[in-house]
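The structure appears right after this line, and notes come after that.
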Amino acid sequence: MFIQVALNLPVEELFTYRVTGRESHKPEVGKRAIVPFGPSNRLQTGIIVSVSTSPPEGNFEIKEVFDIPDPYPLFTETLFRLAEFVSRRYCSSLGEALFRFLPGAFIVEEKVRVSPLKPQKPLTPKEEELHTLISSFSSPVSVSFLRRKFGGSSLNAYLKRLVEKGAARLNTQLKPGGPPKEKWVRYLKEGKCGPKGRELLNLLKKHGELPLKHLTYFGFSRGVIENLRQKGLIQITEKESLLPPPPPSLSPRGTTELTQEQKAVLESLFKYRGIHLLSGVTCSGKMEVYLHAARRAVDSGNSVLILVPELLLTPELQSRIESLFGTNYALYHGGLTPAQRASVWLKALKGEVPLIVGTRIAVALPMKNLGLIVLDEEQDPSYKEQQKPYYHARTVAVKRSELEKVPLLLVSATPSVESYYRAKRGEFLFHFLPSRVTRIPPPKVELVDLKKERKRVGIFSEKLLSALERAVNSGGQALLFINRRGYSHKIICPNCGYTLNCKKCGVPVTYHKEKKCFICHLCGTRYKLIFRCIKCGQRLEFTGYGTERVTQELKLLYPNWKIERFDLDTVKTYKDANRLIKLAVEGKIDVIVGTSIAVKGHNLPNLTFLGILIADQLTGPPDYMGAERAYQAIVQAIGRVGRFKPGYAVVQAFNPDFYPIKYAVTGQFHTFYEEELSYRKLFNYPPYTLGAVIEVEVPETQKSKLKELYAAMKKLPSQEVSKPLPLPNGKTYSIFIKLKSDTLLPKIKQLLSRFKVTYKIDVEPIKIP
DNA sequence: AGCACGCCGACT
DNA sequence: GTCGGCGTGCTC
């Protein structure tokens, strides 16, 4: 028998191995196969893609499988097809897609260790150096550790020579990958034992089986347990480890009754097993709808996936889930250890958890009896993977819904233009909740033209300051939203116009007053602080506003207020965020100055005022998605205020007539999307086309090749190609293409491989350079 | 992606 | 002869 396996390599080919029959388990599609690979036959983990009885054609040696460690497949049939889809649409190999989804703990690798011997032949200086390095460790040292200390690529060649000269010996060990194991203790039979043993035996008799670590926690020493085991009264077994306990939450709230409007959405969701887009005004109870839907699906014996953006696994959401599901759910996100992720993966596979709440990577969990997928805040950019394969979890969820015939509910107050368009075309079923479920009126929003404001204190308009004072003086809290960290982001010489740019990225750096340095926000590089122009010696001017400067100026204006900054510099973890939220809830903060992370998800019950300082900035980098980002950011920010108390918002802008700002402030949902769509259509931008960014690496000596490639790309049918844009590193060029269909992607790949250039394709990009 | 191999130029 | 720096080509 033969198996074809997909390895985690950027090549299309599958690799064939011979099955000997000595493997732990029989070959089956979706199981792992541990196979020798490459000239050194290093063991690697592959996924079995097909099993056949006849050998493949072609002239190559067929090696034997080392082992098949899984009693059952780790990938379900549909998951396999989903991975195939991801590899096709995002231009990766099947193996890369499968291994992106599979938790790292399942990967078995060979670990090579080196021990020193007495050299039989004279060594060269370099070999001598390596030999003494190896000898300096008391036990055999791993090659991967050695590689970090010694020159990367040349290490293997030297190691080989050391082995040839008898100066070193290699031994390989298999790092066991697989389900994390945990020891459990089981009651077997009654018998004679001491008092402590008696106590333990009774406990086990009552419970049948308990985790070993619980027993040691309750004060039973290893000795007692071992004694009982020796007598054959108890048995120690290994089980796949428990789920990590969900983090503690706020007190759960009772379930709420749905309104007529909400119920209608719920009914429709279970009638039409396709894709639904749920939108609505803030506080219209969208979350309640999908939580009830999840509850219903679980009650009828199905499992449910709820996908949330990276920063949305908030205590708020957790407490609401707990009020409906208790602790019978699991979390799945990048913050878990590989073993924890593997554990959730297996529970999903066996159908042991009815509900999993997770980030984008959870879209490919092997759910048993999947009955519903929910994707909350569907416009959120964190659904886009930034590593190969660069998949978009929303697109993958749509595909999964089609493959498994399971309803998918996309949820957002500010849907992506893409989803709005597809709903408009009838591909998605559109639902809109027009009314608030609370008695609290929507916040009053006012737009201030910063150009016309004469009575400005720095960046603060008179209207904003008086509203801010009113809010704080009447015991409320205020949130000032500015989408920039740091102090100032424009550093310019007033004499010669010289600006300080990042050496790697070419973009202006930001002055961080507290950290006493300049930081490039694109790549994170830090630069030494200077105050005089390096060209002419003039004193540099620091203009533009960031959270640091706003906080400082506000403190000068209101020295008695408690003002806190909420951005990636001050809040790095959930813990930091929760601490700050707690302070705010306890009323120990008057004003929060924050970036978009302060606006996301967190509920501040006492928030009565919101100020957006410079709405124009919310477009972000200058590309076709700017208006969409600005609209979404403004609506979301306004949505923070007036949830629990009547609120007020002031939006400041230099161009208040810019349509995303105007329509966000006035709440003209459809008008915004229709206008945005008209521009997208005019310039053939997504969603009218499929966008992709191609980065090609062209050596400086072969610039003509780039021209030829560009010309060839333009000749391909039904698409638009932008001019290659050189990236700051000098040899990579970025090309943005608008495709009429994804069937053109293979053609583009063909073309690129014909030109023999190294390249990277990002389909459905969220940022274009 | 690794990794080997081969070719080159630099330095003893 | 040794060393290090790339470009190239392959992996069942």
Side-chain angles (χ1 to χ4, degrees), chain A residues 1-20 23 27 32-68 87 90-100 102 104 107 109-112 119 121-131 133 142-144 146-148 150-165 167 170 172 387-390 695-702 705 730-731 753-761:
Chain A
M1 245 201 301
F2 301 90
I3 54 170
Q4 268 89 258
V5 300
L7 296 170
N8 192 8
L9 300 175
V11 289
E12 301 283 330
E13 290 84 13
L14 298 174
F15 296 86
T16 308
Y17 288 85
R18 189 188 311 279
V19 180
T20 61
E23 298 81 13
R32 287 172 299 165
I34 315 303
V35 294
F37 187 73
S40 55
N41 282 326
R42 240 170 50 92
L43 291 181
Q44 289 217 10
T45 305
I47 306 295
I48 304 176
V49 171
S50 65
V51 184
S52 59
T53 46
S54 54
E57 288 174 28
N59 189 24
F60 46 76
E61 179 207 0
I62 297 178
K63 296 179 183 173
E64 286 181 359
V65 183
F66 177 77
D67 196 22
I68 298 168
S87 68
Y90 299 100
C91 301
S92 76
S93 69
L94 178 61
E96 284 172 306
L98 289 167
F99 281 93
R100 161 72 39 227
L102 189 72
I107 293 168
E109 270 176 334
E110 200 168 20
K111 225 179 167 183
V112 184
K121 290 175 190 167
L123 303 178
T124 68
K126 202 69 195 178
E127 287 164 4
E128 189 63 52
E129 189 193 321
L130 181 59
H131 187 256
L133 180 63
S142 84
V143 172
S144 50
L146 221 50
R147 184 156 300 144
R148 262 172 274 146
F150 201 77
S153 58
S154 52
L155 176 73
N156 281 22
Y158 286 115
L159 268 182
K160 199 178 162 190
R161 268 148 60 186
L162 280 189
V163 174
E164 275 164 14
K165 290 183 178 178
L170 303 179
T172 53
Q387 275 170 288
K388 205 180 173 192
Y390 305 89
E695 277 176 26
V696 280
E697 231 175 83
V698 185
E700 274 159 84
T701 50
Q702 302 177 35
K705 204 171 177 177
K731 56 178 181 178
S753 53
R754 192 149 53 79
F755 273 82
K756 293 196 194 304
V757 282
T758 35
Y759 63 90
K760 192 177 110 175
I761 304 183

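Because the structure is predicted, anything quoted here is derived from the model rather than measured. Labels below follow one simple rule: chain letters A, B, ... track the order of the sequence lines, proteins then strands, and each chain is numbered from 1.
Remark on DNA chain C: of its neighbouring residues A:Lys756 and A:Thr124, the 5'-side contact belongs to A:Thr124, judged by nearest-heavy-atom nucleotide. For the pair A:Pro10 and A:Pro39, nearest-nucleotide mapping onto DNA chain B gives the more 5' position to A:Pro10.
The listed nucleotides are B:dC3, C:dC3, C:dC12; the one nearest the side chain of A:Arg161 is C:dC3. With distances taken from any side-chain atom of A:Phe37 to the nucleotides C:dT2, C:dT11, B:dA1, the minimum falls on C:dT11. Taking only side-chain atoms of A:Pro125, from C-beta outward, the nucleotide of C:dC12, C:dT2, B:dA1 with the closest atom is C:dT2.
The stretch residues 46-61 of chain A touches DNA chain C through A:Phe60, A:Glu61, each having a heavy atom under 4.0 angstrom from the strand. Against DNA chain C, the stretch residues 11-20 of chain A makes heavy-atom approaches under 4.0 Å through A:Val11, A:Phe15, A:Thr16, A:Tyr17.
Distance A:Phe2 CZ to C:dC12 P: 15 Å, rounded to the nearest Å. If you measure from atom CG of A:Leu43 to atom P of C:dT11, you get 18 Å, rounded to the nearest angstrom. Rounded to whole Å, the distance from CD on A:Glu96 to P on B:dG2 is 11 Å. As a whole-Å value, the separation of A:Glu128 CD from C:dG1 P is 20 Å. In this structure, A:Glu129 places its CD atom 13 Å from C1' of C:dG4, rounding to the nearest Å. Atom OH of A:Tyr158 and atom C1' of B:dA4 are 15 Å apart (whole Å). One interatomic measurement links the two molecules: CG of A:Asn41 to C1' of C:dC10, which rounds to 14 Å at whole-angstrom precision. In this entry the distance linking CG of A:Leu130 with C1' of C:dG4 reads 15 Å, nearest Å.
The ring pair (Phe, Tyr, Trp, His ring centres under 6.0 Å) check on A:Tyr17 picks up nothing, with sequence neighbours excluded.
Between A:Val35 and A:Leu7 the shortest side-chain heavy-atom distance falls below 4.5 Å. Looking at A:Glu96 and A:Asn8, their side chains come closer than 4.5 Å, going by heavy atoms from C-beta outward. The side-chain heavy atoms of A:Gln4 and A:Ser50, taken from C-beta on, include a pair separated by under 4.5 Å. Contact of the A:Ile47 side chain with the A:Phe99 side chain is registered, since non-hydrogen atoms from C-beta on lie closer than 4.5 Å. A:Lys388 is listed as a side-chain neighbour of A:Pro10, based on a closest heavy-atom distance under 4.5 Å.
If you take CD on A:Glu13 and OG on A:Ser93, they are separated by 9.5 Å, rounding to the nearest 0.5 Å. Expressed to the nearest 0.5 Å, how far OH of A:Tyr90 lies from CZ of A:Arg100 amounts to 14.0 Å.
Using a 4.0 Å cut-off between charged side-chain N and carboxylate O, A:Lys760 and A:Glu695 make a salt bridge.
In this structure, A:Ile62 reaches the sugar-phosphate backbone alone: every heavy-atom distance under 4.0 Å involves primed, P, OP1 or OP2 atoms, never a base.
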